[in-house]
Amino acid sequence: MARIVQKFGGTSLATLDRIRAAAQRVKAEVALGSEVAVVVSAMAGTTNDLVEKCSALSPLHDAREYDTVVSAGEQVSSGLLALALQEIGVSARSWLGWQVALRTDDAHGKARILSIDTAELERRLANREVAVLAGFQGIAPNQRITTLGRGGSDTTAVALAAALGADRCDIHTDVDGVYTCDPRIVRQARKLSKITYEEMLEMASLGAKVLQTRSVEMAMKHRVPLRVLSSFEDLPGTLVVDEDEIVEQEVVSGIAYSRDEAKITLIGVADRPGIAATIFGPLADANVNVDMIVQNISEDGATTDVTFTVGKADQQRAVDLLRDLEPQLRYAQLRPDPDVVKISVIGVGMRSHAGVAQRMFAALSENGINIQVISTSEIKISVLVAERYLELAVRALHTAYGLDGD
Ligand code: ASP
Ligand code: MG
């Protein structure tokens, strides 16, 4: 008998009619003979509304009370879905994080899951009762409610699937799968029938907001087969699986982009040992995440230029820190530039193919797009370009790698 975890996102539960439709999907899975546990998000808009209320009342709010408030949306949707299931003759009950218990650390607002007690859930699943678990929430060691960070109910679903040893975790959402590129930018983007965990991880962390990044990390670690599918249409969706389950691996699976980048250049920094540590140590201490880094060779043997990128939200903090460091770094100029985007081509097939980067550089150059910074990993090549080239660059690359559909 199959054991399935089904997750429904906020848009899939946005109205009572949609909750009824979700209940029908659960019922259909139960009718196949599966044991079914469901994880729900809050109804669309609810969490945003609760977050705004906290900020309005207390701009620098107590993170523990914030979690008490923003976790409430999932309590409502779990109870409503359990009711909708009962109405159509499916035995079901709701579970809050603390009732299970789903234990987390005490990093309120972005807590990590430590363990899930599944004994009682498993007993009830075996008795044909559907468990409807409120996503996004858990309980800290001091018994206070925690939340897992925005989009965290994906992670609840994968964690539950791992803990239950589920055969599959179905993520029902408002898109019908994972695409080769953002269909809003590239009309010829194609839906992928399969993608590897590693590729999905890159896509998710680069801003293809289909799944919370952490949920993909967890699925990869515990080898939970994931399926991303629409809750509105009966389509097969995209399977996120291990590499060896994909028979014909494309060299490049997708093109992703991120607008959340800001470039900072230091001109004329002394070229001596310890300079990189002097720049990046204080940034790390201040929790500023640095992404791409390039350092030029020194023309005169005395000074060099260093360019790097940070998240847009961290740009001002990084600039302030570097101003404070001027006496040690003695750079000639500090130049921040927020008008950049990072574009990446992603594919596990790159490991075994040469010339993948060259195709990217050629496509960009044919379109007169200047590359400002390049970085690579085993399965990804990223470039930084001026923001105004985003659409042109993404479309050109989609075509260059043969990803265009009809
Ligand atoms: N309701 C939470 C949010 O909006 C968690 C989730 O939907 O995954 O971020
Ligand atoms: Mg989501």
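All residue numbers in this chain count up from 1 along the given sequence. Just so you know, these numbers come straight off a predicted model, no measurement behind them. Numbering of ligands and ligand atoms starts at 1, following listing order.
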Do any N or O atoms from the side chain of [X] and from the backbone of [Y] form a donor-acceptor pair under 3.5 angstrom?
X	Y	result
Lys191	Thr238	no
Asn127	Glu129	no
Tyr331	Leu322	yes

Audit row: Arg227, Asp170, salt bridge (Lys or Arg N to Asp or Glu O under 4.0 Å) steps and yes/no: CA-CA 5 Å; Arg227 188 160 68 135; Asp170 282 350; 2.9 Å; yes

Around ligand 1, what residues show up once you keep those with a heavy atom under 4.0 Å from it?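 Lining ligand 1: Ser41, Ala42, Thr47, Glu74, Phe136, Arg150, Gly151, Gly152, Ser153.
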
Please, which pairs that meet salt bridge (Lys or Arg N to Asp or Glu O under 4.0 Å) have at least one residue in residues 131-154, sequence neighbours excluded? Lys7-Asp154, Glu65-Arg144

Is Arg20 salt-bridged to Asp17, going by a charged N under 4.0 Å from an acidic O?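 Judged by the 4.0 Å cut-off on N to carboxylate O distance, Arg20 and Asp17 do form a salt bridge.
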
